[in-house]
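Below is one structure; the comments refer to it alone.
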Amino acid sequence: MYYDALSRNTVKITLTGKDMKDYSLKSESLRSRTAESKRSLTSFLKKFQSESSLFPDHKAERLFLEAFPSDDGGCILYVSTLGSDILPPPEPERRTTPLMCCTAALGDTARLCRSLTGKVRTSALYRLGSDYWLIIKVQTANAALVSRIIGEYGSLSDDPTDIAFVKEHGSVICPTSAVSKLSALC
C-alpha cells in the first residue's frame with residue numbers, strides 16, 4: 001500500500017491485489033457500489049486511520065471516498081475530508097495513562113501509595129514472585145510527575161505488555177482502590 005497526501009484534505013491510496021486481500025476488499029464489489037462495498041471501505045478507512053497519521057480527528061463514515069479498481073486486482077482510492085465534522089478532542093480529565101511500579105517490600109508500596117493519594121484514577125496491587133506490582137491509571141497530564149514519584153520507590157514501567165503480563169500471571173492482592181487502602185497502612 002502506498003499513500004500520498006495530495007492536499008491538506010485529500011489523500012491518494014494505492015492498494016495492490018495483496019493489499020485488497022489483506023483488507024478483505026473485492027474489486028467486483030467496488031465496481032458495483034453496494035452496501036457491502038461501503039461497509040468494507042468504511043472498515044478499511046477505520047483501520048487505515050488507526051495505522052496512519054492522516055485524518056486522525058475525522059470519522060471514517062464522514063470522509064468522501066472515490067474508489068477506482070485496477071485491472072491487476074488492486075485499487076486506487078481518493079479520500080477527502082468533508083465539511084467540519086472534526087471530532088472534539090477528548091476531555092483532558094478523561095485521558096489516562098497506565099503505569100506500573102514494582103517494589104520489593106509491601107512497606108515501600110504503602111509509602112508510595114501515600115505519595116500518590118489524590119493523583120491516581122484507578123489502582124490495583126498484584127504479587128508476582130517476591131515483588132509487589134502496583135498498577136495505576138493517572139491523568140495523562142500528571143503522568144510525568146507520578147512517574148518521578150514512582151522512581152523514588154521502585155521501578156517504573158509504562159509498557160502495556162508488561163502490565164498485561166502482571167495482570168495475567170500475578171496474584172491479585174487488592175483489585176480496586178489499592179492506593180487509598182494501602183496509604184491507610186502508613
Euclidean distance, [Y] [atom2] relative to [X] [atom1], rounded to 0.5 Å:
{"X": "Leu156", "Y": "Ile149", "atom1": "CG", "atom2": "CD1", "answer": "11.5 Å"}
{"X": "Asp162", "Y": "Met100", "atom1": "CG", "atom2": "CE", "answer": "5.0 Å"}
{"X": "Leu182", "Y": "Leu106", "atom1": "CG", "atom2": "CG", "answer": "6.0 Å"}
{"X": "Thr97", "Y": "Ile136", "atom1": "OG1", "atom2": "CD1", "answer": "10.0 Å"}
{"X": "Asp131", "Y": "Cys101", "atom1": "CG", "atom2": "SG", "answer": "10.0 Å"}
{"X": "Arg121", "Y": "Thr140", "atom1": "CZ", "atom2": "OG1", "answer": "10.0 Å"}

Are [X] and [Y] connected in the hydrophobic side-chain network, where two residues link if heavy atoms are under 4.5 Å apart?
{"X": "Tyr132", "Y": "Leu112", "value": "yes"}
{"X": "Tyr126", "Y": "Leu185", "value": "no"}
{"X": "Leu128", "Y": "Ile173", "value": "no"}
{"X": "Val120", "Y": "Leu125", "value": "yes"}
{"X": "Val11", "Y": "Leu15", "value": "yes"}

Taking all non-hydrogen atoms of both residues into account, name the closest pair between [X] and [Y] and its distance.
{"X": "Ser115", "Y": "Tyr153", "answer": "OG-OH, 2.9 Å"}
{"X": "Met20", "Y": "Gly73", "answer": "CG-O, 3.2 Å"}
{"X": "Cys113", "Y": "Ala178", "answer": "SG-O, 4.1 Å"}

task: Look only at the side chain of Ser155 and the backbone of Gly151, and say whether a donor-acceptor pair between them is shorter than 3.5 Å.
output: no

query: Any sub-3.5 Å donor-acceptor pair from Ser123's side-chain atoms to Val179's backbone N or O?
result: yes

Verdict with reasoning, Asp158 to Ser147, per side chain to side chain contact (heavy atoms under 4.5 Å, CB included): CA-CA 9 Å; Asp158 61 355; Ser147 295; over 6 Å; no

task: Show your working on side chain to side chain contact (heavy atoms under 4.5 Å, CB included) between Thr122 and Thr96 and close with a plain yes or no.
output: CA-CA 10 Å; Thr122 63; Thr96 59; over 6 Å; no

query: Just wondering, are more than 12 heavy atoms of other shown residues or ligands nearer than 6.0 Å to CZ in Arg114?
result: no

- prompt: With a cut-off of 6.0 Å (strictly less than), are more than 12 heavy atoms of other residues, nucleotides or ligands near NZ of Lys181?
  reply: yes

query: Can you check side chain to side chain contact (heavy atoms under 4.5 Å, CB included) on Ile76 and Lys12, steps first, answer last?
result: CA-CA 7 Å; Ile76 297 174; Lys12 175 185 175 184; 3.8 Å; yes

- prompt: Looking at side-chain heavy atoms only, is the closest gap between Val138 and Leu99 below 4.5 Å?
  reply: yes

